[in-house]
Amino acid sequence: MKTVLKHIKGDRTIWALVAILAVFSFMPVYSASTNLVYVVGSGSTLGYLLKHMVLLIMGFGIIYGVHKIPYRYFSGGSVLMLPIVFVLLIFTMMQGTTIGGANASRWIRIPFVGIGFQTSTLAGLVLMVYVARYLAKKKEKTINFKESLLQLWLPVGAILMLILPANFSTTAIIFFMILVVTFIGGYPLKYLGIILGSGILLLTFFVLIAKAFPDAMPNRVETWQNRITRFSDPQDKDVYQVEKAKIAIATGGPIGLGPGKSVQKNFLPQSSSDFIFAIIIEEYGLVGGILTALIYFLLLFRIFVVIRKTVTIFGTLLVIGVGCPIIFQAIINMAVATNLFPVTGQTLPLISSGGTSIWMTCFALGMILSVSASKQETEEDILDDNPLDILHETI
């Protein structure tokens with residue numbers, strides 16, 4: 001045991017919380033995957049559980065590998081990754097995938113392994129690191145608004161506009177978190193107001209264009225509208241899922257029906273991903289739901305502990321930028337399941353099934369642990385790094 005622990009650096013409590021979430025996820029995923037087996041018409045619940053376990057093992061491999069990398073490399077790495085992410089998002093959009101007649105070009109298939117990869121999740125992670133790098137470099141300088149439009153907001157805007165057509169909720173979360181990080185990073189408030197107003201105008205323009213040319217993005221704007229305006233309409237399929245989730249929560253009671261005994265998992269189309277929190281409450285009761293939420297809030301607390309101990313501005317902004325979205329996503333997922341928020345398609349981090357969400361969450365956690373493990377990095381070491389030098393060292 002001591003041999004294993006000496007190779008694990010960083011905040012041990014975060015390691016423990018992540019392990020608890022991962023191990024706990026086995027039973028809900030195994031139980032809820034019966035619906036997936038029925039819908040797909042092939043496979044088995046054991047097969048989906050094994051797949052989930054493999055994805056989590058790979059995720060822990062990502063955490064271990066990333067947390068061993070000095071976090072100064074993430075600064076220059078974000079610059080190198082921006083054009084790659086841009087190309088991946090364009091490639092994803094060109095596939096023209098539709099679900100139920102609506103634009104859903106979110107995934108690309110990873111060759112040979114047959115796993116879907118959601119490029120917008122990677123894009124959000126890269127953007128957060130890039131924004132942290134920019135703000136850290138400008139911390140001791142006066143920010144020129146026109147210069148920041150080119151260096152900061154042009155890349156951010158271009159990538160968000162590529163994510164928006166297929167995934168409004170992810171775009172909104174990324175944009176909101178970028179505004180939070182820029183505010184904390186000292187970006188002038190008057191300029192942030194202009195950026196927020198511009199974002200709203202661009203969204204309005206996009207909606208008008210989509211309505212004018214419906215064939216370009218079939219039914220996507222209508223989907224967004226329905227999720228808001230028909231929030232409580234029982235005829236809407238999203239509301240149908242929420243109603244089933246509410247039944248699951250009401251049935252669970254204080255201590256639940258017991259592991260694997262959920263009834264509503266047979267009726268919830270996204271029972272192993274988007275609505276897994278409802279299945280957790282049905283099987284483990286209010287106690288299970290509260291404990292699940294508590295673990296995420298403990299994780300948030302430990303993230304703030306890492307922030308408090310971090311000695312560099314880049315490290316602080318990096319942890320905020322990649323750590324807080326994990327908790328924010330968990331809150332949104334639980335809010336959707338309890339009918340406090342319209343359906344968004346956001347998974348429950350480290351518990352819901354799905355490769356991309358698990359891997360990118362683990363990559364973010366690896367970054368946080370890298371920051372918490374570092375004791376020698378200085379602002380000069382980080383910000384003087386040339387991205388091409390990092391590429392050379394990596395090769």
>> With rounding to the nearest 0.5 angstrom, report the CG to CG distance, L365 to L299.
In response: 6.5 Å
>> Run L150 and K146 through side chain to side chain contact (heavy atoms under 4.5 Å, CB included) and show every step you take.
In response: CA-CA 7 Å; L150 181 63; K146 291 182 179 179; over 6 Å; no
> Where the side chain of D11 meets the backbone of S372, is there a donor-acceptor pair that is under 3.5 Å apart?
Replying inline: no
>> Using a 6.0 Å cut-off, check whether atom CD1 of I255 has over 12 heavy atoms from anything other than its own residue.
In response: no
>> H52 and side-chain hydrogen bond (donor to acceptor under 3.5 Å, both in side chains): which single residue from S353, S352, S25 fits?
In response: S25
> Looking only at side chains, do Y134 and T182 share a donor and an acceptor under 3.5 Å apart?
Replying inline: no
>> Please evaluate residues M367 and Y71 with respect to the criterion side chain to side chain contact (heavy atoms under 4.5 Å, CB included), reporting the C-alpha separation (whole Å), side-chain torsions for both, the decisive distance (0.1 Å), and the verdict.
In response: CA-CA 7 Å; M367 289 182 176; Y71 74 89; over 6 Å; no
> Strictly by modelled atom types, are T119 and T92 linked by a side-chain donor-acceptor pair under 3.5 Å?
Replying inline: yes
> Can any side-chain N or O of W359 pair as donor or acceptor with the backbone N or O of M58 at less than 3.5 Å?
Replying inline: no
>> Could you check, using the six-membered ring where one of them is a Trp, whether Y284 and F24 have ring centers closer than 6.0 angstrom?
In response: yes
> Under the 3.5 angstrom rule, does the side chain of S75 hit a backbone N or O of R72 as a donor-acceptor pair?
Replying inline: no
> Out of D274, N333, T170, which residue meets the side-chain hydrogen bond (donor to acceptor under 3.5 Å, both in side chains) rule with Q346?
Replying inline: T170
> With distance as the sole test, does K139 use its side chain to make a donor-acceptor pair with the main-chain N or O of G186 at under 3.5 Å?
Replying inline: no
>> Among Y130, Y191, Y187, which residue satisfies the ring-ring contact (aromatic ring centres under 6.0 Å, His included) criterion with W153?
In response: Y187
> Does the pair S370 and Y73 meet the rule for a side chain to side chain donor-acceptor pair (under 3.5 Å), with working shown?
Replying inline: CA-CA 10 Å; S370 173; Y73 287 124; over 6 Å; no
> Stepwise, does the side chain to side chain contact (heavy atoms under 4.5 Å, CB included) test hold for I159 with I163?
Replying inline: CA-CA 6 Å; I159 288 179; I163 300 173; 4.0 Å; yes
>> Same cluster or not: L154 versus L201, using hydrophobic residues (I, L, V, M, F, W, Y) connected whenever any side-chain heavy atoms lie under 4.5 Å apart?
In response: no
> Where do F275 and L348 land on the side chain to side chain contact (heavy atoms under 4.5 Å, CB included) test, with the steps shown first?
Replying inline: CA-CA 8 Å; F275 286 90; L348 193 59; over 6 Å; no
> Could you give the distance from CD1 (I14) to CD1 (I63), rounded to the nearest 0.5 Å?
Replying inline: 10.0 Å
> More than 12 foreign heavy atoms under 6.0 Å from CZ of F304: is that the case here?
Replying inline: no
> Which distance, rounded to the nearest 0.5 Å, do you find between the CG of L160 and the CG of L202?
Replying inline: 10.0 Å
>> With a 6.0 Å cut-off on the ring centroids, do F176 and F328 count as close?
In response: yes
>> Whether the side chain of S33 engages the backbone of Y30 through a donor-acceptor N/O pair (distance < 3.5 Å, no angle test) should be reported.
In response: yes
>> Side chains of T251 and Q264 only: does a donor on one sit below 3.5 Å from an acceptor on the other?
In response: no
> Would you say the side chains of S357 and Q118 form a donor-acceptor pair under 3.5 Å?
Replying inline: no
> Is it the case that one hydrophobic cluster holds both M27 and I57, taking links as side-chain heavy atoms less than 4.5 Å apart, direct or via other members?
Replying inline: no
>> If I take atom CZ from residue F341 and atom CD1 from residue I331, how far apart are they, to the nearest 0.5 angstrom?
In response: 11.0 Å
> So, are E282 and K244 salt-bridged, with charged N and O less than 4.0 Å apart?
Replying inline: no
>> Do L82 and V87 land in one hydrophobic cluster if side-chain heavy atoms of ILVMFWY residues count as linked below 4.5 Å?
In response: no
> At what distance, to the nearest 0.5 angstrom, does CG of L317 lie from CD1 of I307?
Replying inline: 9.0 Å
>> Could you go through S78 and R133, starting from their C-alpha distance and side-chain angles, then the distance that decides it, and tell me whether this counts as side chain to side chain donor-acceptor pair (under 3.5 Å)?
In response: CA-CA 8 Å; S78 66; R133 170 190 169 86; 5.1 Å; no
